[in-house]
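Each remark here refers to the structure printed beneath this line.
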Amino acid sequence: MQGLVCDGDGIAMVKLTSAPKVFVVFGATGQQGGAVVKLLTSDPVFRKEYIVRAVVRDPTKESAVALQELPGCEIVQADLDDKASLYPALKDAHTAFLVTNSIFDERLYEREYAQGKNAADVAVEVGLEYLIFSTLSSVRKISSDRFTKVWHFDVKHDIEQYIRSLPFASAFIAMGCFMQNLTNALKPRPVGDGTFEIATSMSPDTRLPMIDATDVAVFVAAILRDPEALQGRNLHAAAELRRVEELAEIVSSVSGRITWYRQLPETDFRAVLEGMNPFFAEDSTEMLGYYEDFGYFGPDMEKLIQPSVNRDYGTLRSVEEFVKELEF
Ligand SMILES: NC(=O)c1ccc[n+]([C@@H]2O[C@H](COP(=O)([O-])OP(=O)(O)OC[C@H]3O[C@@H](n4cnc5c(N)ncnc54)[C@H](OP(=O)(O)O)[C@@H]3O)[C@@H](O)[C@H]2O)c1
């Protein structure tokens with residue numbers, strides 16, 4: 001595109017500039033998508049290069065309204081469950097960041113797969129050039145079908161394979177275990193004697209590749225800086241590999257509150273979760289068994305996360321830094 005600019009003497013001249021590209025962000029009101037919107041609207045280089053189109057289901061929601069106030073950010077109403085709504089969302093777009101959603105019921109796999117396929121199929125139809133997908137490993141494959149009910153992992157791997165078969169460029173970010181889990185599933189709970197515990201069915205030595213969910217933006221930035229080199233790659237995102245018992249130790253040392261890790265018998269752990277949601281219980285119990293026996297990203301986990309742990313893609317928040325900001 002040609003644009004008029006002024007040089008230092010105020011003389012108008014014609015210079016070749018390129019028009020900003022439309023970057024569509026799914027899950028824009030959530031942790032990962034929200035961080036990608038923040039990156040694209042705050043980084044001086046990306047701000048010039050992209051117009052952000054943030055996908056929201058309800059534009060009147062507070063978090064959606066807040067997005068409209070960001071410079072260079074427009075919002076569009078669409079729903080991944082409704083393919084027709086995705087045409088206006090992806091029209092004329094150059095790049096998109098896609099995160100799909102796991103709802104723990106009997107339709108988890110089918111629904112989430114359809115979400116990924118809807119977005120990817122529309123992307124082909126409208127001529128999208130580059131898709132970045134937040135993926136995960138195939139637990140079924142890595143465990144040779146020993147664990148077959150970790151649907152929210154398997155479905156992302158299967159969506160990734162589908163996206164790879166399509167005629168546009170793509171790159172993938174496999175997110176480690178969110179540090180934000182320390183505020184829910186791995187939250188230290190009071191035990192009644194002034195101390196706290198993190199209790200799951202994993203052995204205390206199970207290692208987790210920990211990542212702040214919002215640090216997904218670091219990996220998106222790395223892909224945007226070098227899209228051709230990273231095309232087709234799967235960046236495994238982890239700031240550090242920690243034994244689950246170490247997480248409790250970090251909470252103790254940072255917060256001053258004595259926190260233990262306790263391994264629960266699997267049946268007890270499952271029973272607690274089943275009271276809340278049987279599908280979540282099934283998926284979660286198998287997932288933790290898989291972490292313990294095969295590793296979050298499988299047997300090559302250490303090698304896969306090495307570039308991320310080495311900070312090759314950029315600076316990442318450590319568990320200690322994350323815990324320092326938590327209010328217990
Ligand atoms: N917890 C972990 O350790 C971990 C690790 C790796 C990957 N993951 C995966 O991360 C994903 C969640 O990502 P997140 O934490 O960034 O999300 P999040 O904070 O839970 O937010 C979900 C986002 O998705 C949007 N959304 C929900 N349903 C939608 C639909 N049908 N169509 C369009 N948008 C929809 C929501 O928008 P609205 O404002 O419209 O509701 C919201 O922006 C899950 O799939 C999970 O499996 C989790």
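One-based numbering along the sequence shown. In listed order, ligands and their atoms are each counted from 1.
At a 4.0 Å heavy-atom cut-off, ligand 1 does not touch Gln180 at all. When non-hydrogen atoms are compared, ligand 1 lies under 4.0 Å from neither the backbone nor the side chain of Trp151.
Thr95 OG1 to Leu224 CG: the interatomic distance, rounded to the nearest 0.5 Å, is 6.5 Å. Here CD of Gln180 is found 9.5 Å from CD1 of Ile211. Values are rounded to the nearest 0.5 Å. Here the OG atom belonging to Ser102 is positioned 3.0 Å from the NZ atom belonging to Lys156, to the nearest 0.5 angstrom.
Side-chain atoms of Asp79 do not come within 3.5 Å of backbone N or O of Arg57 as any donor-acceptor pair. Side chain of Arg53 to main chain of Lys91: a donor-acceptor pair is present (N/O by atom type, distance under 3.5 Å, no hydrogens or angles). Judged purely by atom type and a 3.5 angstrom limit, Thr259 has no side-chain atom pairing as donor or acceptor with the backbone of Phe196. Judged by distance alone, the side chain of Glu197 and the main-chain N or O of Tyr261 form no donor-acceptor pair under 3.5 Å. Counting only distance, with no hydrogens or angles, the side chain of Asp105 and the backbone of Arg107 share a donor-acceptor pair below 3.5 Å.
Here the protein heavy atom with the shortest distance to atom 13 (O) of ligand 1 is Gln32 NE2, 3.0 Å. Taking atom 43 (O) of ligand 1 as the reference point, the nearest protein heavy-atom neighbour is Thr29 OG1, 2.7 Å. Closest to atom 26 (N) of ligand 1 among all protein heavy atoms lies Asn101 ND2, 3.4 Å. The closest protein non-hydrogen atom to atom 48 (C) of ligand 1 is Phe178 CE1, 3.3 Å. Looking from atom 33 (C) of ligand 1 to the surrounding protein, the closest heavy atom is Leu80 N, 3.5 Å. At the top of the distance list for atom 44 (C) of ligand 1, counting protein heavy atoms only, stands Thr100 O, 3.7 Å. Annotation: atom 19 (O) of ligand 1 to nearest protein heavy atom, Gln31 N, 2.9 Å. Nearest protein neighbour of atom 21 (O) of ligand 1, counting heavy atoms only, is Gly30 CA, 3.4 Å.
In the vicinity of His152, heavy-atom distances shorter than 4.0 Å reach the ligand 1 atoms 47 (O). Remark: ligand 1 atoms within the under-4.0 Å shell around heavy atoms of Tyr296 are 5 (C), 6 (C). Near Lys156, the atoms of ligand 1 lying under 4.0 angstrom from a non-hydrogen atom of the residue are 9 (C), 44 (C), 45 (O), 46 (C), 47 (O). Less than 4.0 angstrom separates some heavy atom of Lys61 from each of these atoms of ligand 1: 38 (P), 39 (O), 41 (O). Set against the non-hydrogen atoms of Asp81, the atoms of ligand 1 under 4.0 Å away are 31 (N). Ligand 1 places these atoms under 4.0 Å from at least one heavy atom of Met175: 6 (C). Within ligand 1, the atoms closer than 4.0 Å to a non-hydrogen atom of Gly176 are 5 (C), 6 (C), numbered from 1 in the order shown. Close approach of ligand 1 to Gln115 is summarised as follows: ligand atoms under 4.0 Å from at least one heavy atom of the residue are 31 (N).
Side-chain N/O atoms of Asp154 and Tyr113 include no donor and acceptor closer than 3.5 Å. At a cut-off of 3.5 Å, with distance as the only test, a side-chain donor of Thr100 or Glu112 sits close to an acceptor on the other residue. For the 3.5 Å distance criterion, the side chains of Thr214 and Asp212 qualify, holding a donor opposite an acceptor.
Taking the six-membered ring for Trp and thresholds of 30 and 60 degrees, Tyr50 and Phe46 have ring planes inclined between 30 and 60 degrees apart.
Aromatic rings of Tyr296 and Phe153 (six-membered ring for Trp) have centroids within the 6.0 Å cut-off, being under it.
Distances from atom 30 (C) of ligand 1 to the heavy atoms of Asp79, Asn118, Val37 show the closest one on Asp79.
Using a 4.0 Å heavy-atom cutoff, Ser102 is listed among the residues neighbouring ligand 1.
Close N/O approach between Val99 and ligand 1 is not found [any backbone or side-chain N/O within under 3.5 Å].
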